[in-house]
Trainee: 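Take a look at this one; I'll ask things after.
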Amino acid sequence: MTPDPVMLAQMLGLLLVIGAFAGVLAGLLGVGGGIVLVPAFFYAFQSLGYGGSQLMQMCLATSLATIIVTSLRSVLSHNKKGAVDWTILRGWGPGIAIGAVLGVLVASALRSEALQALFGILGIVIGAYLGLGRAEWRLGEAMPSGARRGVLSPLVGFMSVLMGIGGGSFGVPLMSLYNTPIHRAVATAAGFGVIIAVPSVLGFLFLEIAPEHRPPLTVGAVNLVTFCVVIAMTMITTPWGVKLAHAMDPKPLKRVFAVFLTLVALNMLRKALGW
């Protein structure tokens with residue numbers, strides 16, 4: 001299948017804008033660019049005529065591939081400001097990585113519609129927390145260790161892979177609920193993103209996608225063209241988001257983004273249910 005050149009040009013422009021937006025979000029709100037990238041990739045691939053039962057796997061894998069670069073750049077930028085909590089990263093990293101690998105195994109076995117439904121449900125939960133959550137909510141005064149960390153850390157990696165997102169969407173609320181200052185939580189969650197994305201992308205590279213359902217230059221489930229276009233923008237805009245995060249209160253923007261995310265998640269859920 002050869003897509004129309006005009007449509008390809010339109011998609012290129014759209015992906016440039018999406019990449020720029022995702023990069024700023026990754027640095028500013030700590031929610032991870034994947035929250036925007038996965039539904040954007042879904043509609044882009046569908047518009048170009050690529051579908052099938054593994055469409056969401058391509059979206060998740062390509063999003064996670066971009067998150068390797070975005071999160072790495074974000075964590076390095078935050079680290080220059082001394083904001084990354086390396087003690088949390090070392091303690092939580094192994095469990096998160098294990099959860100990410102399990103997420104790839106489950107995502108590879110599910111149909112696209114099931115992954116759409118999961119994205120929709122979890123997206124609504126994240127949107128609700130962003131919109132309604134309070135900074136003073138607490139589950140504890142310090143990040144948990146022992147058995148509780150042994151359960152929560154793989155869960156963060158697992159759910160993140162099923163949504164194709166980095167560590168921010170689940171990691172930032174979790175750390176905030178356990179009394180981690182918001183700027184430190186955002187910075188540390190960028191490290192979660194690297195730990196989630198690297199093993200999961202390695203797994204997705206070995207997933208077979210039917211040739212008629214994958215865009216050109218797709219390796220495993222990762223589309224290299226989309227990856228390169230988005231990374232070109234996020235490399236530029238992620239540091240902008242980091243600077244904004246340290247210069248302003250992102251709370252009002254979180255409320256707006258919560259509404260946007262909830263609408264996107266509801267639409268994804270609608271499509272999954274065939275409405």
Side-chain angles (χ1 to χ4, degrees), residues 25-35 67 71 74-75 77-79 81-103 106 118-119 121-163 165-200 241-242 245-246 248-255 257-258 261-262 265:
L25 281 178
L28 174 60
L29 301 183
V31 295
I35 282 284
I67 285 166
S71 292
S74 181
V75 77
S77 297
H78 280 297
N79 191 52
K81 300 178 183 295
V84 179
D85 191 321
W86 291 99
T87 302
I88 293 176
L89 272 184
R90 283 191 294 268
W92 285 68
I96 289 172
I98 290 169
V101 172
L102 292 174
V106 171
L118 283 169
F119 185 96
I121 293 167
L122 292 174
I124 291 168
V125 171
I126 295 169
Y129 182 85
L130 285 173
L132 304 174
R134 296 289 179 266
E136 62 271 16
W137 287 358
R138 292 289 180 271
L139 291 175
E141 292 305 310
M143 287 290 281
S145 57
R148 190 175 298 179
R149 182 173 67 189
V151 172
L152 290 175
S153 57
L155 197 58
V156 169
F158 181 76
M159 292 192 301
S160 296
V161 170
L162 291 184
M163 290 190 72
I165 61 179
S169 296
F170 296 114
V172 171
L174 179 68
M175 284 184 275
S176 296
L177 289 169
Y178 282 101
N179 205 34
T180 304
I182 186 61
H183 286 132
R184 184 164 291 269
V186 169
T188 307
F192 284 7
V194 179
I195 295 168
I196 290 164
V198 170
S200 60
V242 171
H246 287 270
M248 63 179 288
D249 177 14
K251 188 182 297 183
L253 289 177
K254 280 195 175 183
R255 299 290 187 261
F257 182 70
L261 173 58
T262 301

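Note: hydrogens, waters and symmetry copies are ignored here, and every other heavy atom, side chains too, is used.
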Trainee: Would you indicate whether the side-chain heavy atoms of I126 and F170 approach each other to under 4.5 Å?
Mentor: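 Side-chain contact under 4.5 Å: yes.
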
Trainee: Is there side-chain contact between I67 and I196, with heavy atoms separated by less than 4.5 Å?
Mentor: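 No, too far: nothing below the 4.5 Å cut-off.
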
Trainee: Once rounded to the nearest 0.5 Å, what's the spacing between atom OG of S200 and atom CG of L102?
Mentor: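 Going from the OG atom of S200 to the CG atom of L102 covers 12.0 Å.
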
Trainee: Using side-chain contact (heavy atoms from CB on, under 4.5 Å) as the criterion, list what pairs up with A185, not counting sequence neighbours.
Mentor: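 Partners of A185 under the side-chain contact (heavy atoms from CB on, under 4.5 Å) test: V172, M175, S176, T180.
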
Trainee: Which pair of non-hydrogen atoms, one from V84 and one from R184, has the smallest distance, and what is that distance?
Mentor: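 Result for this residue pair: O-NH1, 3.5 Å.
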
Trainee: Between G127 and A258, which heavy-atom pair has the shortest distance, and what is it?
Mentor: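 That closest heavy-atom pairing would be O-CB, 3.3 Å.
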
Trainee: Decide yes or no for W86 and N79: does some side-chain heavy atom of the first lie under 4.5 Å from some side-chain heavy atom of the second?
Mentor: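 Side-chain contact under 4.5 Å: yes.
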
Trainee: Using the test side-chain contact (heavy atoms from CB on, under 4.5 Å), find all partners of F119 that sit at least two apart in sequence or belong to another chain.
Mentor: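 For F119 the side-chain contact (heavy atoms from CB on, under 4.5 Å) partners, ignoring immediate neighbours, are V38, P39, M56, M163, M268.
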
Trainee: Restricting to non-hydrogen atoms, name the atom on T188 and the atom on D85 that form the minimum distance, rounded to 0.1 Å.
Mentor: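 Heavy atoms only, the tightest pair is OG1-N, 3.0 Å.
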
Trainee: Check side-chain contact (heavy atoms from CB on, under 4.5 Å) between L152 and all other residues, then give those that pass, not counting sequence neighbours.
Mentor: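 If we apply the side-chain contact (heavy atoms from CB on, under 4.5 Å) test to L152, skipping adjacent residues, the hits are W92, P144, R148, L174, Y178.
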
Trainee: Going through the distances and angles, do I195 and L89 end up as a side-chain contact (heavy atoms from CB on, under 4.5 Å)?
Mentor: CA-CA 9 Å; I195 295 168; L89 272 184; 4.0 Å; yes

Trainee: Just how far is it from atom CG of L177 to atom CD of E136, taken to the nearest 0.5 Å?
Mentor: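 CD of E136 is found 11.0 Å from CG of L177.
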
Trainee: Could you report the tightest heavy-atom contact between I35 and I165, atom names first, then the distance?
Mentor: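 Closest approach of I35 to I165, heavy atoms only: N-CG2, 3.5 Å.
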
Trainee: What closest approach, in Å, do G166 and S160 show between heavy atoms, and which atom pair accounts for it?
Mentor: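 Where G166 meets S160 most closely, the heavy atoms are O-OG, 3.4 Å.
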
Trainee: Minimum heavy-atom separation for R90 and P94, please, with both atom names.
Mentor: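 Heavy-atom minimum between the residues: O-CD, 3.4 Å.
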
Trainee: Once rounded to the nearest 0.5 Å, what's the spacing between atom CZ of F192 and atom OG of S153?
Mentor: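 The distance works out to 8.5 Å.
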
